S.K.: 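This is the structure, below, for whatever I ask next.
Note that these values count all heavy atoms, side chains included, but never hydrogens, waters or copies made by symmetry. Predicted model, so just to flag it, every value in this text is computed and none were measured.
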Amino acid sequence: MRKILFAKLKESLISVLPVAVIVMILLPILGFTAQEMIVFAVSAVFLVLGIGLFNLGADLAMTPMGSHVGSGLTKSKKLKILLSVCFVMGVLITIAEPDLSVLAGQVESIINPSMLLIVTVGVGVGLFLVVAVAKIVFHLNLSMLLMFFYLMLFAVCSIMAQNGKFSFIPLSFDSGGVTTGPITVPFIMALGVGISTTVGGKNANENSFGLIALCSIGPMIAVMILTLFSSGDTGMMNGLDDYATVAESLSEFGHIVLNNIKNVAIALGLVVVFFFVLQFIMLKLPKTKLIQIGIGIGYTFLGLVIFLVAVEVGFMPIGFKLGEKIAEFNETLLVVFGLVIGMVVVLAEPAVHVLNKQVENITGGGVKKLEMLIALSIAVGISIGLSTLRMILGFSVLYYLIPGYLISLGLSFFVPKIYTAIAFDSGGVASGPLTSSFILPLVIGACVALGGDTNAILENAFGVVAMVAMTPLIMIQVLGFKAVMLSKVRTKLTMKRILAADDEQIIYFK
């Protein structure tokens, strides 16, 4: 166990180090205090520890729990029970997502109480997890499902625009991006693998992908419907233009630690209790497996608490102030910094490593982990660079999202289906806790520095998470398109060699 833990810590150190180094180089240049630099450095160390512990916990607990729930319920051959349990698990596991809580806290003065947004997103995930499971059981076409639901999504967008709720569209898209985070991804992906393996049939591995993709759509539609029927307005938002400073975070350190312990305990507790109810009723796993899951839950709990405390104390206040300082210094530098920091911040997202590992395992090495990581890094860098440019120029995120999704949906008809499924899953995974707790505050801070009011922040700063969730869809499918083209070239070269060999034989016999 010790060797595995050290391996996880080494992996998380390699992930976090580029972000930490880039930010630490900028802090003294931009006039940050010694206290702020020390706090950020210490927070980065704890971030490494938190991600390492969490990844170990995901391997020991969250992934096996999802796999056993999926295979155990499918073997019962009771579809209603399978779908009902998946709905409840979808809701509970979403409530447990830390990055969703971060987003909800930032818009609490508009959607109040914040639990209303969290439950709405949870219901959206639960409903679309049911759709995703039905896709696996009945072998439905993922591309057609995505096409249908994204058309529905943009239809609801147009209704929002007509009803004067245009400012809430970026927030709605962001809610889909933050949903699929470090708790949801390992559980839901393993759930899909468990169900598809049990159901069997052609392309069982390929059929296991797509759950994250569909579960990202549900929250967007759910939040849009919530805002359509709400009477809230964009009044003064306490959490957007008034982030805590490092000094204030340190003064509240004890409260922050206890608050995160409580939130993670409640969130994980709901999932664990429901799992053990299923274990008692139908799963009947052996004692050794339960002990392993119990140890894994402990690592997951400890890792998430450390991760969230490090983010709240160091990364959120530094991110906000960094955005302000860079925007005041030079707008062009802000775009360049967004591009660079985007390329490295995705490396520090815990769920990205879970996805990449499962993709490599399920495809038998056909889709390499490193290849996926490079593609995601480039995609996220582009998305944050474009988001900062949009924030400066002040145009709608839909000018990016509509053509982006049209391109990605169009590509789905020209690339192998497994690449489409992996691409849409990757989009949800890339936008994890660091995106909502470091990148979003950074863009909000830049927007405030450039004189943005509440409406400007809602319309121009929000939407960055949605962009991070969209660009991987195109990039991963481009990888698939490249693979198809290379395959055709290899086939043509092979045929030429065979024909050339045949010609040589004919000449010889003549």
S.K.: Above 12 or not: heavy atoms from other molecules or residues under 6.0 Å from CE of Met152?
M.R.: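 Check passes, neighbour count above 12.
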S.K.: Quick test of your reading: applying side-chain hydrogen bond (donor to acceptor under 3.5 Å, both in side chains), list the pairs with at least one residue in residues 374-395, sequence neighbours left out, ordered by first then second residue.
M.R.: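 Applying side-chain hydrogen bond (donor to acceptor under 3.5 Å, both in side chains) to every pair that reaches into residues 374-395, excluding sequence neighbours, yields nothing.
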S.K.: Atom CG of Leu49 and atom CD1 of Ile306: how far apart are they, to the nearest 0.5 Å?
M.R.: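 Between Leu49 CG and Ile306 CD1, I get 4.0 Å after rounding to 0.5 Å.
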S.K.: Rounded to the nearest 0.5 Å, what's the gap from CG on Leu386 to CE on Met391? Could you check?
M.R.: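 Between Leu386 CG and Met391 CE, I get 13.0 Å after rounding to 0.5 Å.
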S.K.: Whether the side chain of Thr63 engages the backbone of Ala58 through a donor-acceptor N/O pair (distance < 3.5 Å, no angle test) should be reported.
M.R.: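 Pair found, side chain donor or acceptor close to backbone of Ala58.
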S.K.: Could you report the tightest heavy-atom contact between Ala132 and Leu211, atom names first, then the distance?
M.R.: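 The pair with the smallest heavy-atom distance is CB-CG, 3.7 Å.
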S.K.: Is the Phe154 ring parallel, tilted or perpendicular to the Phe173 ring (thresholds 30°, 60°)?
M.R.: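 Tilted, since the angle between the ring planes falls between 30° and 60°.
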S.K.: Within the side chain of Tyr419, is there an N or O that forms a donor-acceptor pair under 3.5 Å with the backbone of Leu479?
M.R.: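 No; judged by distance alone, with no hydrogens or angles, the pair does not exist.
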S.K.: Might you work through the side-chain contact (heavy atoms from CB on, under 4.5 Å) test for Val468 and Ile439, ending with a clear yes or no?
M.R.: CA-CA 10 Å; Val468 171; Ile439 299 299; 5.6 Å; no
S.K.: Decide if atom OH of Tyr399 counts as having more than 12 heavy atoms of other residues, nucleotides or ligands within a radius under 6.0 Å.
M.R.: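 Atom OH in Tyr399 is not crowded, with 12 or fewer foreign heavy atoms closer than 6.0 Å.
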S.K.: If I compare all heavy atoms of Pro219 with all of Val125, which pair ends up nearest, and what's the gap?
M.R.: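 Nearest heavy atoms, Pro219 then Val125: CG-CG2, 3.6 Å.
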S.K.: Is any side-chain heavy atom of Phe315 less than 4.5 Å from a side-chain heavy atom of Val23?
M.R.: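 Side chain of Phe315 against side chain of Val23, heavy atoms only: no contact under 4.5 Å found.
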S.K.: Considering non-hydrogen atoms only, spot the tightest contact between Ile81 and Met282 and give its length.
M.R.: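 Looking at all heavy atoms of both residues, the shortest contact is CG2-CE, 4.1 Å.
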S.K.: First locate atom CD1 of Ile422, then atom NZ of Lys417, and finally report the distance between them rounded to the nearest 0.5 Å.
M.R.: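 If I round to the nearest 0.5 Å, the distance is 14.5 Å.
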S.K.: May I have the step-by-step check of side-chain contact (heavy atoms from CB on, under 4.5 Å) for Tyr299 and Asn55, ending in yes or no?
M.R.: CA-CA 8 Å; Tyr299 280 120; Asn55 284 339; over 6 Å; no
S.K.: For the pair Leu283 and Phe275, evaluate side-chain contact (heavy atoms from CB on, under 4.5 Å) and give the outcome as yes or no after the intermediate values.
M.R.: CA-CA 9 Å; Leu283 297 181; Phe275 172 78; 3.7 Å; yes
S.K.: Can you tell which of Leu191, Ile195, Val193, Leu142 makes a side-chain contact (heavy atoms from CB on, under 4.5 Å) with Ile136?
M.R.: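 Only match with Ile136 under side-chain contact (heavy atoms from CB on, under 4.5 Å): Ile195.
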S.K.: Under a 3.5 Å distance rule, please check whether Asn141 uses its side chain to pair with a backbone N or O of Ser143 as donor and acceptor.
M.R.: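 Confirmed, Asn141 side chain pairs with Ser143 backbone.
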S.K.: Is the CZ atom of Phe149 crowded by more than 12 outside heavy atoms at less than 6.0 Å?
M.R.: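 Result for CZ/Phe149: enclosed.
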S.K.: Short question: side chain of Asp425, backbone of Gly210 - any donor-acceptor pair under 3.5 Å?
M.R.: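 Yes, because the side chain of Asp425 sits within donor-acceptor range (under 3.5 Å) of the backbone of Gly210.
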S.K.: Atom OG in Ser175, atom CD1 in Ile118: separation rounded to 0.5 Å?
M.R.: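 The distance works out to 12.0 Å.
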S.K.: Run through Ile476, Leu409, Ile217 and flag the one making a side-chain contact (heavy atoms from CB on, under 4.5 Å) with Phe424.
M.R.: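 With Phe424 as partner, side-chain contact (heavy atoms from CB on, under 4.5 Å) holds for just one option, Leu409.
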S.K.: Are the side chain of Thr74 and the backbone N or O of Val199 linked by a donor-acceptor pair below 3.5 Å?
M.R.: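 Not confirmed, Thr74 side chain does not pair with Val199 backbone.
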S.K.: Can you tell me which residue among Val465, Leu440, Val121 is in a side-chain contact (heavy atoms from CB on, under 4.5 Å) with Val178?
M.R.: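 Single pass found, and it is Val465.
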S.K.: Could you give the distance from OH (Tyr400) to CD1 (Ile382), rounded to the nearest 0.5 Å?
M.R.: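 Atom-to-atom, Tyr400:OH and Ile382:CD1 are 11.5 Å apart.
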S.K.: So, the side chain of Asp174 versus the backbone of Ala466: is there a donor-acceptor pair under 3.5 Å, distance only?
M.R.: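 At least one qualifying donor-acceptor pair exists.
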S.K.: Starting at CG of Asn260, measure out to CZ of Phe301 and round the result to the nearest 0.5 Å.
M.R.: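 Asn260 atom CG to Phe301 atom CZ measures 9.5 Å (nearest 0.5 Å).
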S.K.: State, to 0.1 Å, how close Phe87 and Val123 come at their nearest heavy-atom pair, and which atoms those are.
M.R.: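 That would be CE1-O, 4.0 Å.
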S.K.: What pair of heavy atoms forms the shortest contact from Ile51 to Ser12, and how long is it?
M.R.: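 Taking every non-hydrogen atom into account, CG2-CB, 3.6 Å.
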S.K.: Check for a donor-acceptor pair, side chain of Glu459 on one end and backbone N or O of Pro170 on the other, with a separation under 3.5 Å.
M.R.: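 Not at all, since once roles are kept as given, no pair shorter than 3.5 Å links the two residues.
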S.K.: Checking Gln477 against Thr420: is there a side-chain donor and acceptor pair closer than 3.5 Å?
M.R.: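 Side chains of Thr420 and Gln477: pair found under 3.5 Å.
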S.K.: I'd like to know if the side chain of Ser71 and the backbone of Gly194 have a donor-acceptor N/O pair within less than 3.5 Å.
M.R.: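 No, because the side chain of Ser71 does not come within donor-acceptor range (under 3.5 Å) of the backbone of Gly194.
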S.K.: Could you tell me whether the side chain of Leu214 reaches within less than 4.5 Å of the side chain of Leu146, counting heavy atoms only?
M.R.: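 Contact flag for Leu146/Leu214 side chains = yes.
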S.K.: Nearest heavy-atom pair of Leu56 and Ile4: which atoms, and what distance?
M.R.: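 Heavy atoms only, the tightest pair is CD1-CG2, 3.5 Å.
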